[in-house]
Amino acid sequence: MQEEPAKVGHRRLLARLAALAALVLLVLAVVPFLVLAVNIPAAIGVLACAAVAAYGVWLVVTRRRRARWLAVPVVLLALTGLGWTAYGHRVELVAFAGCLVLFGLAARAAVRTSRTATGVRPVPPAQRAVLFVNPRSGDGKADRVGLVEEATRRGITTVVLAPGDDLRAVVEQAIDAGADVVGMAGGDGSQGIVAAVASERGVAHVCIPSGTRNHFALDLGLDRDDPVGALDAFTAGVERWIDLAAVNGRVFVNNASLGLYASVVQSAAYRNAKLGTWQRLLPDLVGPDAAPADLRYDAPDGSPAPGAALVLVSNNPYELRRLRVAGTRPRLDAGRLGILSATATGLGRLPLARRLRPVRQWSATEFVIDSAQPLVALGLDGEAVRMAPPLRFTSRPGALRVRLPASAPGVSPAGAAVGLSRRDLERLIRIAAGR
């Protein structure tokens, strides 16, 4: 089932044109940038106002009562100064920003279009497809889009979960009955359960984005706003192998968080009032009276690491350097765990220079966290979990076959992102040159 040569040639031509347009726009952006760069006082003013505003926002979210309200006018004044300074150079700023925005759009189009589907193969329609639907996920998203009816129309057997159902047991029963492809319409926690069973039983998994955030679907390159379109993976799809990760044998598809996020997720009010729960708990977790988290692990150099306010272990590393695509993973098949740790204990009592402790990010195939606590709180794919330490995280390379619609981009935002690094520019030049 090879793609027609004419279609391949057409796609390559579009990629070359998009890459060429991106390079031209980057050259045009240099002109307004040079005009801005020669005005040193204005540049310093913009940077100073931005820094003061950022620090004021930090005080607002990590302090209570009087300190919080005193920081609000500081933020407003800094933003006013930023706007006043930038207004004098509005023409140059608009031209510069416009060129960069258009460069980003053209560059992403070039990368997406030229990206070869390495490791992806067309597959015939599923013989016995079964879709499990959590009607409560995403505030009833599956019901709103008529997902069950659309699946039935495609010949897919649907199982609507009721409160109290053991999802793992239900999936195992379906596979024992002959299901060759299983799908999950629900949140990331449910995706992890179905993916674990599919991996163990050697059947393909289909992700239907009908949860709240659908991070797994995003990194698979699915359209999170089109759960009905994702059903095409059962009937007209392509297949690829991706990694899974596990902690003490329990599989997850996205990440396991400990410390700050895990403490918030454990709150009984989190499900119904996420923002309010964060606002209520954040000062206690990272404010001046915050207690250190009892998490013990080895740093990348093998030395014992200090207590961290946050540890995040992910199934493949997240992109953190580019703000626009931060929180997504460039790949799901690198066979590595992504590890992120950040220390923020007692911030309010330390001088500013000592508050800026480094955030560490590295990767490994295994990672162990210990604690003196009998049970450690985790947020596992967004679900509240408690486990007995030590916590042993492992990567399971190529453990899961996933099916995607043939029409899906199949590329995460981080995978398609193009910046101004030397590597990205060289990639655009190669695409424009047809190499």
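Bear in mind the structure is a predicted one, so any value in this text is a computation, not a measurement.
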Practice task
Mark yes or no for whether Gln191, through its side chain, and Met184, through its backbone, hold a donor-acceptor pair below 3.5 Å.
Solution key: yes
Practice task
Would you indicate whether the side-chain heavy atoms of Arg201 and Val171 approach each other to under 4.5 Å?
Solution key: no
Practice task
Name the orientation class of the two ring planes belonging to Tyr297 and Trp362 (parallel below 30°, tilted from 30 to 60°, perpendicular beyond 60°).
Solution key: parallel
Problem - Arg396 versus Asn315, side-chain donor and acceptor atoms under 3.5 Å - result: no
Exercise for the section: Would you mind reporting whether Leu167 and Leu161 have side-chain heavy atoms less than 4.5 Å apart? Expected result: yes
Problem - Side chain Arg296, main chain Ile369, donor-acceptor under 3.5 Å - result: no
Exercise for the section: Would you check if Leu380 and Val247 make a side-chain contact, meaning some heavy-atom pair closer than 4.5 Å? Expected result: yes
Exercise for the section: Kindly indicate whether the side chain of Cys207, heavy atoms from C-beta on, has any atom under 4.5 Å from the side chain of Leu222. Expected result: yes
Practice task
Keeping the roles fixed (side chain from Ser199, backbone from Ala399), state whether a donor-acceptor pair exists under 3.5 Å.
Solution key: yes
Handout entry: salt_bridge(Asp333, Arg331) N-O dist < 4.0 Å
Key = yes
Handout entry: Value rounded to 0.5 Å, distance of CG in Asn214 from OG in Ser210
Key = 7.0 Å
Exercise for the section: Could you grab the distance from atom CG of Asp188 to atom CD1 of Ile193, nearest 0.5 Å is fine? Expected result: 11.5 Å
Practice task
For the residue pair Phe252 and Phe216, establish whether any side-chain heavy-atom pair is separated by less than 4.5 Å.
Solution key: no
Practice task
Apply salt bridge (Lys or Arg N to Asp or Glu O under 4.0 Å) to Glu426 and list each qualifying residue two or more places apart in sequence or on a separate chain.
Solution key: Arg422
Handout entry: By salt bridge (Lys or Arg N to Asp or Glu O under 4.0 Å) - contacts of Glu149 (at least two apart)
Key = none
